[in-house]
Amino acid sequence: MDLSGLNPQQLEAVRHMDGPLLILAGAGTGKTRVITCRAAHLLRRGVPPEALLMVTFTNKAAGEMQERIAALTGREQARRITAGTFHRFGLMILRRHIARLGYSPRFGIAPESYQAGLVKSIMGELGATGEGYDPDRFQARISLAKNALQTADDLRASAVTPVDRALADVYEAYRRQLKMMDLVDFDDLLILVLELWDKYPQVLEELRERHRYLMVDEYQDTNQVQFQLVARLAGPARNLAVVGDDDQSIYGWRGATVDNILRFEDHFPNAKIIRLEQNYRSTGTILEAANAVIACNPKRHGKRLWSGLDRGEPIISLRVPDDEAEAATVADLLHEYHRDQERPWTDFAILYRSNHQSRAFEEKLRQAQIPYVLVGSKSFFERKEILDGLSLIQAAANPKDDLALLRVLNVPPRGVGEKTVERLRELQQRTHRPFQGLLHEPDFLGELSPATAAALRKFGACLVRARESFQKPDNLAAKIRALFDESGYLEGLGRMYKPREDALNRQENLMEFLNAAAEFEKAEGPGADIGAFLDRFTLMDMNDRREESDHDTRGVTLMTVHAAKGLEYPAVFVVGLENNLFPNPHAVEDGNLDEERRLFYVAVTRARQFLVLVHAEKRRVRGDLQRRRVSPFLEEIPAELLAIHTPESVFRQVTPEERAAMLAELLAKLKE
């Protein structure tokens, strides 16, 4: 294997074999190449492929790793490596062993929409309503508690307010009801593995013997549960290599613990630490600005990015009068630069702190006839007709899945109203049977109108037939199509949605869904079954679901900085650089700017050739135009790295010819 293209630090990381290793990989320093070359090097040194476990945070990243390893070592060896997300690895273990914990091997995975519905339902049953009782907040706090390995009893013991005590009760009921329906949520895919290892240590020992070399990507984003999984699996051998950058730890709000990477040497004594600091992406000026800003964080592993590329042009710092002028100016700059420099629209990205900031830019880009792609818009698999279709399949595959059944019980309309559902709930409380088992009860059906009773009998029988057909893993797409047809769902879209064009679009989306099932079956082969197909979609995380908006032409990318992590663009506009926007108000109020500063560092390092930082003197907040203070992060960039433009130089009254000349002068600074 040719390693001549690696720099000395990359080569050292690749050749490290045994013992704990921390690779501090700064932005744009080629970490994916190092990871894949290291895996290939281990294989060349006689380590069997089955001994390698490579864990990352997206299925896409895992697939890319295996493709690169295949190019280095051959596809057969790469295929035998276990590579995937933490949740996929957890699912693999639980499918084999979860029966020991009281679930069936064919358990279902509750998507986020299910979790939200269940939490809301439980809160209603327990009377947890009113001010302070927000279902979304309860759901988020339950997830954070799980990721911190806290039980309902732990929350109850630390409760201070009635809302805190209600949260503990909802958490307890939530876990109990999920198990009753033979469902787990995403957090359970990891927590239950730890529970399994605690109760059955021989399962952990078997995995340690198999996976003797463990590699973890994006280690700075791990939470407490993921750290425990990694530490226990590494065991006494400690053949653990992690790759990450504490300066890019930006997910604390969802449970990530930056201390996992900061304290790696404490957790794994005598660890080897290698710093990758040569950046292959950005100009020297951009890197100097990033280094200056991130150096203001007190707790970090010291490193300083540098580049063999040219210094490049100064960073443009643009102050505009208000948020409307902000969007208009950015649109003008994009239009002129695209025309004068003949750059494709895909070279440009507009990054902002919060999703709501996209509206003004969308409007101005439309007016300027600039094509754009909005990242973070609704994914194909989050559209209502697709979620309903998935629920229909889940109800057929798992007769205990009450949430799936309730979602489609009246889809298409079967005359089922709130009173019918309430009657089902009352029967369940008395009988402790799942809803599907009650659909044929004479006492229940006798209380309904003849038409509704007949519709529910037919629907229940349809689910039973579909379940029987799913037992044989073949013709998956055809069986799903049969379920959609027999249940009346596909035809019913025409009655549920108006105008007709909307219904036709939704039907076409379902046809595309069936195409996905056919492609899945073709890729998996004869053994593909409905459970594996459902797992594929419910395991998709936000990064895997990143999709483009429905534009005919790819264009300028609009996205939050969080969504931009891992991406790069020749030209980047970071907008809204004002205090209480970027950094956000909560960070300012708490006096904790470290993670917000890391987020700004991520934004800056997305740019390859030129960077424009924009802030407004005034911005509308709840309809009122308020004066704004510039972001402290912008002030942390050395003045000599910035070309500062004022409102007077950009927005004074000028002729179109003068305005064009001013824009040309500004754009000249952005040239390579």
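The structure presented is a predicted model; accordingly, all values stated were derived computationally and were not measured.
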Quick one: pull up [atom1] in [X] and [atom2] in [Y] and give me the separation to the nearest 0.5 Å.
X: L214; Y: L21; atom1: CG; atom2: CG; value: 11.5 Å
X: N7; Y: T29; atom1: CG; atom2: OG1; value: 8.5 Å
X: L351; Y: M559; atom1: CG; atom2: CE; value: 6.0 Å
X: L207; Y: M92; atom1: CG; atom2: CE; value: 6.5 Å
X: E12; Y: R38; atom1: CD; atom2: CZ; value: 12.0 Å
X: I261; Y: D245; atom1: CD1; atom2: CG; value: 7.0 Å

Quiz item: What's the verdict on side-chain contact (heavy atoms from CB on, under 4.5 Å) for C296 and R597, showing C-alpha distance, side-chain angles and the deciding distance?
Solution: CA-CA 8 Å; C296 296; R597 186 176 283 109; 3.5 Å; yes

Quiz prompt | K146 to D188 - nearest heavy-atom pair and separation | solution =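 That closest heavy-atom pairing would be NZ-OD1, 2.9 Å.
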
Quiz prompt | Minimum heavy-atom distance T285-G312, with the two atoms named | solution =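 Heavy atoms of T285 and G312 come nearest at OG1-O, 3.7 Å.
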
Quiz item: Could you go step by step and tell me if L365 and L558 meet the side-chain contact (heavy atoms from CB on, under 4.5 Å) rule?
Solution: CA-CA 10 Å; L365 293 182; L558 276 66; 3.6 Å; yes

Can you confirm whether more than 12 heavy atoms, excluding those of [X], are under 6.0 Å from its [atom1] atom?
X: E206; atom1: CD; result: yes
X: N270; atom1: CG; result: no
X: E342; atom1: CD; result: no
X: D310; atom1: CG; result: no

Quiz item: Taking the six-membered ring where the residue is Trp, are the ring centres of F57 and F86 under 6.0 Å apart?
Solution: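 Yes, ring centres under 6.0 Å apart.
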
Exercise. Determine, step by step, whether Y569 and R608 satisfy the side-chain contact (heavy atoms from CB on, under 4.5 Å) criterion, reporting the C-alpha distance in whole Å, the side-chain angles of both residues, the deciding distance to 0.1 Å, and the verdict.
Key: CA-CA 6 Å; Y569 296 88; R608 295 200 331 237; over 6 Å; no

Quiz question: by atom type and distance under 3.5 Å, do the side chains of [X] and [Y] form a donor-acceptor pair?
X: N260; Y: T222; answer: yes
X: Q220; Y: E218; answer: yes
X: N239; Y: R212; answer: no
X: T257; Y: N223; answer: no
X: Q609; Y: R343; answer: yes

Self-check item: Sequence-distant partners of E524, side chain to side chain donor-acceptor pair (under 3.5 Å), two or more places apart
Solution: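 Per chain and number, E524 pairs via side chain to side chain donor-acceptor pair (under 3.5 Å) with no residue.
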
Practice problem: Would you verify whether the NZ or CZ of R536 falls within 45 degrees of the ring axis of F533 while also being under 6.0 Å from that six-membered ring's centre? | Solution: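 No, R536 does not lie over the aromatic ring of F533.
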
Quiz item: Got a salt bridge between D217 and K31, using NZ or NE/NH1/NH2 to carboxylate O under 4.0 Å?
Solution: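 Result for this pair is yes, salt bridge flagged.
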
Quiz item: Between R80 and E50, is there a side-chain N and carboxylate O pair less than 4.0 Å apart?
Solution: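 Salt bridge: yes.
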
Exercise. Please assess Q248 against Y601 for the test side-chain hydrogen bond (donor to acceptor under 3.5 Å, both in side chains), listing each intermediate value before the final yes or no.
Key: CA-CA 7 Å; Q248 296 186 75; Y601 172 85; 5.6 Å; no

Quiz item: In a check of salt bridge (charged side-chain N to carboxylate O under 4.0 Å, His left out) between D247 and each of R275, K303, R598, which one passes?
Solution: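 In the set R275, K303, R598, the residue that makes a salt bridge (charged side-chain N to carboxylate O under 4.0 Å, His left out) with D247 is K303.
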
Quiz item: Hey, does the side chain of N279 reach the backbone of A27 with a donor-acceptor pair shorter than 3.5 angstrom?
Solution: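 At least one qualifying donor-acceptor pair exists.
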
Quiz item: When you measure from the side chain of T36 to the backbone N and O of R33, does any donor-acceptor pair fall under 3.5 Å?
Solution: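 Judged by distance alone, yes, a pair lies under 3.5 Å.
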
Quiz item: In terms of ring plane angle, is the pair F186 and H87 parallel, tilted or perpendicular, where the classes change at 30° and 60°?
Solution: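 The arrangement is perpendicular - the two ring planes meet at more than 60°.
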
Quiz item: Which ring pair (Phe, Tyr, Trp, His ring centres under 6.0 Å) pairs, counting each pair once, include a residue from residues 257-290, with sequence neighbours left out?
Solution: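 Passing the test, one end in residues 257-290: Y219-F264, F227-H267, F264-F268.
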
Quiz item: Can you find a pair of side-chain heavy atoms, one from V604 and one from V293, that are under 4.5 Å apart?
Solution: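 Not touching, per the 4.5 Å side-chain cut-off.
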
Quiz prompt | Intermediate values then yes/no, side-chain hydrogen bond (donor to acceptor under 3.5 Å, both in side chains), T560 and N355 | solution = CA-CA 6 Å; T560 65; N355 273 310; 5.1 Å; no

